[in-house]
K.L.:
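Encoded as structure tokens, here's the structure I'll be asking about.
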2 protein chains.
Amino acid sequence: MRDNNDMPGHLARRFQQIAVAVFLAEVGEAGFDLTPVQYAALATIKANPGLDQVTLAGLIAYDRTTITGVVDRLVQKGLAERRASPRDRRARELEITDEGRRVLRKITPAVESAQQIMLRGLSAREGEELMRLLRKAIAAGNELSRAPLRDMQA
Amino acid sequence: MRDNNDMPGHLARRFQQIAVAVFLAEVGEAGFDLTPVQYAALATIKANPGLDQVTLAGLIAYDRTTITGVVDRLVQKGLAERRASPRDRRARELEITDEGRRVLRKITPAVESAQQIMLRGLSAREGEELMRLLRKAIAAGNELSRAPLRDMQA
DNA sequence: TACTGATAGTCAGCATACTGAGCAATATCG
DNA sequence: CGATATTGCTCAGTATGCTGACTATCAGTA
């Protein structure tokens with residue numbers, strides 16, 4: 001029988017588990033309380049002011065039902081704002097707050113450090129190669145999950 | 001700023017997301033209702049009859065608080081049994097049922113197929129290399145999560 | 001314009017995962 | 001032996017992620 005260590009699915013889960021733990025540890029030590037998902041959402045909102053939730057979900061490959069809760073928590077923490085879109089009354093436009101900008105700026109070193117720690121067993125070249133292979137596998141499987149990555153439309 | 005696609009943490013989340021979706025799709029098409037986590041637990045119980053929950057958790061790197069629910073559902077589906085250990089009254093010994101054995105046997109082709117599909121963007125050599133790099137990164141980060149991989153004690 | 005279909009967002013329900021706390025039982029050591 | 005520490009398990013609470021359903025709104029078309 002195939003061993004766990006020969007199962008890409010098992011290795012994926014394990015690597016992600018470590019990645020999240022490292023992220024939370026680094027960010028927590030820096031004095032912040034932000035999850036990987038919240039960080040990605042906030043950074044994307046900052047880079048695309050006024051985007052709606054579906055677009056945000058597509059840009060970071062979240063399910064749209066997950067985004068609701070994530071944005072709820074960003075708003076609740078005062079890092080982002082959600083307001084009705086003037087052009088489409090179904091949509092909510094998202095904006096980062098000054099406090100959100102401040103947190104993003106201060107948190108960046110911890111996030112960078114986390115990315116390094118989760119690759120600490122690999123050489124620089126191996127780390128690059130791992131990322132390349134992950135990107136390639138992800139690109140081929142993009143449409144297989146309910147929350148595929150999507151480009152900006154306009 | 002570092003792009004999402006240059007963040008190993010983001011790539012890890014995305015790859016795992018696809019891996020789970022592929023697993024559920026393949027297994028579902030084969031007519032079974034088993035999650036990746038439940039599958040790993042059941043296979044490990046079969047390979048190590050009579051093991052307790054903490055040992056099971058260590059062998060597949062789950063948090064012990066997660067195992068409780070997973071085993072609950074395996075028991076509820078009639079695939080595994082949980083009984084008090086005669087040697088340690090705190091511990092529960094786990095055993096696979098005949099139905100569990102039958103399901104494992106029948107489900108194997110779908111699981112195998114899923115492992116291939118999630119690597120379909122890569123050549124055979126690239127798939128091997130990806131798994132090697134993941135194993136190496138995981139080994140170096142094993143102690144960084146609350147649920148590290150553990151060997152059998154006995 | 002009225003109908004039809006698609007879209008944005010939310011919600012209920014379920015299954016991982018984690019933190020932190022607690023209980024019962026076992027191990028260890030003075 | 002008795003106090004202390006450790007261990008196996010569970011639980012409450014929170015945060016992803018998913019399925020499926022629903023409402024409100026918009027877009028396209030007959």
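Not measured: the values here are computed from a predicted model. Chain naming here is simple, since letters A, B, ... match the order of the sequence lines and numbering starts at 1 in each.
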K.L.:
Between the two end axes of the helix from C:dT1-D:dA30 to C:dG30-D:dC1, each built from 5 base pairs, what angle do you get to the nearest 10°?
P.N.:
10°
K.L.:
Report the residue (B:A21 or B:D88) whose heavy-atom-nearest nucleotide on DNA chain D is the more 5′ of the two.
P.N.:
B:D88
K.L.:
For the base of C:dT26, is there a side-chain donor-acceptor partner from B:R90 under 3.5 Å away?
P.N.:
no
K.L.:
Are A:V37 and A:V27 connected into the same hydrophobic cluster when the rule is that any two of I, L, V, M, F, W, Y join if their side-chain heavy atoms are below 4.5 Å apart?
P.N.:
yes
K.L.:
Take the protein atom CZ of A:R64 and the nucleotide atom P of D:dT23, then report the distance between them rounded to whole Å.
P.N.:
15 Å
K.L.:
May I have the distance from B:F23 (atom CZ) to D:dC18 (atom C1'), rounded to whole angstrom?
P.N.:
15 Å
K.L.:
With respect to the phosphate group of C:dT10, does any side-chain polar atom (N or O) of A:T65 fall under 4.0 Å of OP1 or OP2?
P.N.:
no
K.L.:
Is B:Q16 close enough to D:dG17 that one of its side-chain N or O atoms is under 4.0 Å from OP1 or OP2 there?
P.N.:
no
K.L.:
Under 4.5 Å between side-chain heavy atoms, hopping through other hydrophobics if needed: is there a path connecting A:V111 to A:L119?
P.N.:
no
K.L.:
Distance check needed: C:dA17 C1' versus B:Q38 CD, whole Å only.
P.N.:
14 Å
K.L.:
Hey, is the side chain of A:R92 poking within less than 4.0 Å of OP1 or OP2 on C:dT10, counting only N and O atoms?
P.N.:
yes
K.L.:
Among A:E95, A:Q53, A:E93, find the one that has a side-chain contact (heavy atoms from CB on, under 4.5 Å) with A:R82.
P.N.:
A:Q53
K.L.:
Using a heavy-atom cut-off of 4.0 Å across all strands, would you classify A:T66 as base, sugar-phosphate, or nothing?
P.N.:
base
K.L.:
Going hydrophobic residue to hydrophobic residue with side-chain gaps under 4.5 angstrom, can you get from B:L144 over to B:L11?
P.N.:
yes
K.L.:
Which nucleotide in the set D:dT10, C:dC18, D:dG8 lies at the smallest distance from any side-chain heavy atom of B:Q53?
P.N.:
D:dT10
K.L.:
Atom OH of A:Y62 and atom C1' of D:dA15: how far apart are they, to the nearest Å?
P.N.:
12 Å
K.L.:
Among residues 69-87 of chain A, which ones have heavy-atom contacts with DNA chain C below 4.0 Å?
P.N.:
A:R82
K.L.:
Hey, are A:T55 and A:D52 close enough side-chain-wise for a donor-acceptor pair under 3.5 Å?
P.N.:
yes
K.L.:
Quickly work out the A:D52 CG to D:dA24 C1' distance and round it to whole Å.
P.N.:
15 Å
K.L.:
State whether A:Q17 places a side-chain N or O below 4.0 Å from either non-bridging phosphate oxygen (OP1 or OP2) of C:dT16.
P.N.:
no
K.L.:
With the 4.5 Å side-chain cut-off for hydrophobic clustering, are B:M131 and A:L122 part of the same group?
P.N.:
yes
K.L.:
Is the distance from OP1 or OP2 of D:dT19 to the nearest side-chain N or O of A:R146 less than 4.0 Å?
P.N.:
yes
K.L.:
side-chain hydrogen bond (donor to acceptor under 3.5 Å, both in side chains) for B:Q17 and B:R14? Distances and angles first, verdict last.
P.N.:
CA-CA 5 Å; B:Q17 183 181 43; B:R14 189 80 187 95; 2.4 Å; yes
K.L.:
CD of B:E81 to CD1 of B:I45: how many Å apart, nearest 0.5 Å?
P.N.:
10.5 Å
K.L.:
Check the distance between D:dG8's C1' and B:L94's CG and give it to me in whole angstrom.
P.N.:
12 Å
K.L.:
Got a donor-acceptor pair under 3.5 Å from the side chain of A:R89 to the base of D:dT25?
P.N.:
no
K.L.:
Answer yes or no: is there an ion pair linking A:R125 with A:E128, defined by an N-O contact shorter than 4.0 Å?
P.N.:
no
K.L.:
Starting at CG of A:D33 and ending at P of C:dC18, how long is that distance when rounded to a whole Å?
P.N.:
17 Å
K.L.:
Relative to the 5' end of DNA chain D, which residue comes earlier, A:V37 or B:V54, by the nucleotide with the nearest heavy atom?
P.N.:
B:V54
K.L.:
At less than 4.0 Å, is any side-chain N or O atom of B:R13 found next to OP1 or OP2 of D:dG17? Yes or no.
P.N.:
yes
K.L.:
B:I67 CD1 to D:dC9 C1': how many Å, rounded?
P.N.:
12 Å
K.L.:
Salt bridge or not for A:R132 and B:E126, using N-O below 4.0 Å?
P.N.:
yes
